[in-house]
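Not measured: the values here are computed from a predicted model.
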Amino acid sequence: VTATLIDGRAMAARLRTSLRCRVDVLARRGIVPHLAFVMLGDSGPARVYASRIEKLAAPLGIQVSRRELPGDVRFSMLEREVGALNADSAVDGILVQMPLPEHLVETHLSSIIEQRKDVDGITIQNAGRLYLGLPGHPPSTAAAILHILTEGNVDIAGRHAVVVGRSTIVGHPIAELLLNRDATVTITHRQTRDLEAATRLADILVVAAGVPGLITPRMISPGVVIIDAGITVSDSGVVGDVDVACWDLASLVTPVPGGVGPVTNAVLLRGVVESAEHRSE
Ligand code: ADP
């Protein structure tokens with residue numbers, strides 16, 4: 001079998017096109033979807049990310065703004081800034097730059113963003129909704145993986161999905177999303193004794209470990225669907241967790257770069273539009 005490669009950039013472009021229409025409908029109600037970034041200190045990667053999202057959002061008619069706070073900001077001040085954004089009914093999404101500076105605690109942040117505006121799904125409210133199978137904002141990368149599987153017409157119900165990695169932003173939430181869609185889910189992680197035994201049983205293999213080359217051909221079964229959410233910046237550019245030799249065995253795979261990444265950015269914007277659609281006036 002030679003796998004079908006998912007074109008994440010094309011899929012993202014299609015998703016953004018579908019958002020245009022929704023933004024037009026909102027415009028007739030006088031609503032402009034608005035995403036607010038909260039930047040902490042002078043982080044190069046965070047600026048690059050914010051600029052990328054701005055560039056994607058502008059042609060869709062989604063407004064993006066930035067608040068800049070010092071890197072050594074006290075939690076109370078961050079709380080005040082987020083509180084002001086919560087109170088501003090014209091704001092639909094709030095993204096606080098991650099990772100947080102060391103003196104700030106993620107669990108504190110995860111309770112101060114209003115649920116509707118938590119478009120990256122970091123709050124306890126959205127995590128709870130995910131766990132209960134209620135609508136909400138799941139973390140964008142996990143939502144993007146589900147979008148790819150859906151668009152790729154991959155059957156999920158009753159299939160064995162194996163997730164490698166249990167991070168709160170990718171592994172754990174995608175496992176919940178798959179479970180909600182009736183997959184049989186195995187979550188593996190650093191302490192898993194026999195990773196290979198688990199991955200071999202996968203109909204759908206989602207890899208989010210951040211370990212280049214972790215998944216090799218001997219670890220998979222022919223025909224498996226592989227979603228590679230690993231992102232490691234190496235000398236030769238961005239690489240995923242899956243050895244490209246696996247591509248010959250799989251039925252469907254996402255490349256890195258050009259797979260999950262671009263879809264994640266589009267899914268984030270979808271979350272902002274969705275939130276704007278739920279504004280209560
Ligand atoms: P990401 O942000 O891509 O999800 P994190 O660094 O937050 O990555 O989490 C990495 C996850 O991958 C952890 O849950 C960890 O247990 C898992 N992991 C890392 N190395 C391995 C490995 N060799 N085998 C299985 N799981 C691994």
So, do [X] and [Y] sit near enough that their side-chain heavy atoms are less than 4.5 Å apart?
X: Arg159; Y: Asp155; value: yes
X: Ile227; Y: Val207; value: no
X: Thr4; Y: Trp247; value: no
X: Val73; Y: Leu104; value: yes
X: Ile226; Y: Leu252; value: no
X: Ile112; Y: Phe75; value: yes
X: Leu69; Y: Val38; value: yes
X: Thr150; Y: Val154; value: no

Check [X] against [Y] and note the closest heavy-atom contact, atom names and distance.
X: Lys117; Y: Ala87; answer: NZ-N, 4.5 Å
X: Val267; Y: Ala143; answer: CG1-CB, 3.6 Å
X: Gly158; Y: Thr184; answer: O-OG1, 4.4 Å
X: Gly61; Y: Val23; answer: O-CG1, 3.8 Å
X: Val253; Y: Pro255; answer: O-CD, 3.9 Å
X: Val162; Y: Ala198; answer: CG2-O, 3.5 Å

Intermediate values then yes/no, side chain to side chain contact (heavy atoms under 4.5 Å, CB included), Leu109 and Ile122
CA-CA 8 Å; Leu109 179 66; Ile122 67 158; 3.7 Å; yes

Is there a path of hydrophobic side-chain contacts, each under 4.5 Å between heavy atoms, that joins [X] and [Y]?
X: Ile148; Y: Leu205; result: no
X: Val225; Y: Ile156; result: yes
X: Val185; Y: Ile169; result: yes
X: Val244; Y: Val256; result: no
X: Met11; Y: Ile174; result: yes

Could you give the distance from [atom1] ([X]) to [atom2] ([Y]), rounded to the nearest 0.5 Å?
X: Asn126; Y: Ile113; atom1: CG; atom2: CD1; answer: 9.5 Å
X: Leu269; Y: Leu60; atom1: CG; atom2: CG; answer: 6.0 Å
X: Ile145; Y: Thr254; atom1: CD1; atom2: OG1; answer: 8.0 Å
X: Ile187; Y: Arg166; atom1: CD1; atom2: CZ; answer: 9.0 Å
X: Gln115; Y: Ser275; atom1: CD; atom2: OG; answer: 8.5 Å
X: Leu26; Y: Glu277; atom1: CG; atom2: CD; answer: 5.0 Å

Would you please name every residue forming a side-chain hydrogen bond (donor to acceptor under 3.5 Å, both in side chains) with Glu79, sequence neighbours left out?
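side-chain hydrogen bond (donor to acceptor under 3.5 Å, both in side chains) check on Glu79 returns nothing, list empty.
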
Flag, side chain of [X] to backbone of [Y], donor-acceptor distance under 3.5 Å:
X: Ser110; Y: Thr123; value: no
X: Asp241; Y: Leu214; value: no
X: Arg181; Y: Leu177; value: yes
X: Asn180; Y: Leu130; value: yes
X: Asp228; Y: Val242; value: yes
X: Thr188; Y: Val163; value: yes

Selection residues 257-270 - residue pairs positive for side-chain hydrogen bond (donor to acceptor under 3.5 Å, both in side chains), sequence neighbours left out
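Sorted pair list comes back empty.
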
By the side-chain hydrogen bond (donor to acceptor under 3.5 Å, both in side chains) test, which pairs, at least two apart or in different chains, include something from residues 127-144?
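Output for this query lists Asp120-Ser140.
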
Going by side-chain hydrogen bond (donor to acceptor under 3.5 Å, both in side chains), Asp92 matches just one of Arg279, His34, His278. Which one?
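Answer after filtering Arg279, His34, His278: Arg279.
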
Looking at Glu68, I'd like to know if its CD atom is crowded, meaning that more than 12 non-hydrogen atoms belonging to other residues, nucleotides or ligands lie closer than 6.0 Å.
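Above 12, so yes.
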
Between the side chains of [X] and [Y], does any donor sit under 3.5 Å from an acceptor?
X: Asp118; Y: Gln125; result: no
X: Ser221; Y: Arg200; result: no
X: Arg66; Y: Ser51; result: yes
X: Thr232; Y: Ser234; result: no
X: Arg20; Y: Ser18; result: no

Test side chain to side chain contact (heavy atoms under 4.5 Å, CB included) on Leu78 and Leu40 and set out the steps.
CA-CA 9 Å; Leu78 175 61; Leu40 303 169; 4.2 Å; yes

Could you give me the CA-CA distance, side-chain angles and deciding distance for Ile204 and Leu149, then say whether side chain to side chain contact (heavy atoms under 4.5 Å, CB included) is met?
CA-CA 9 Å; Ile204 299 167; Leu149 292 171; 4.2 Å; yes

Evaluate side chain to side chain donor-acceptor pair (under 3.5 Å) for Arg190 paired with Thr192, printing each intermediate quantity in order.
CA-CA 6 Å; Arg190 220 173 251 122; Thr192 298; over 6 Å; no

Salt bridge or not for Arg47 and Asp42, using N-O below 4.0 Å?
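The answer is yes: the pair qualifies as a salt bridge.
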
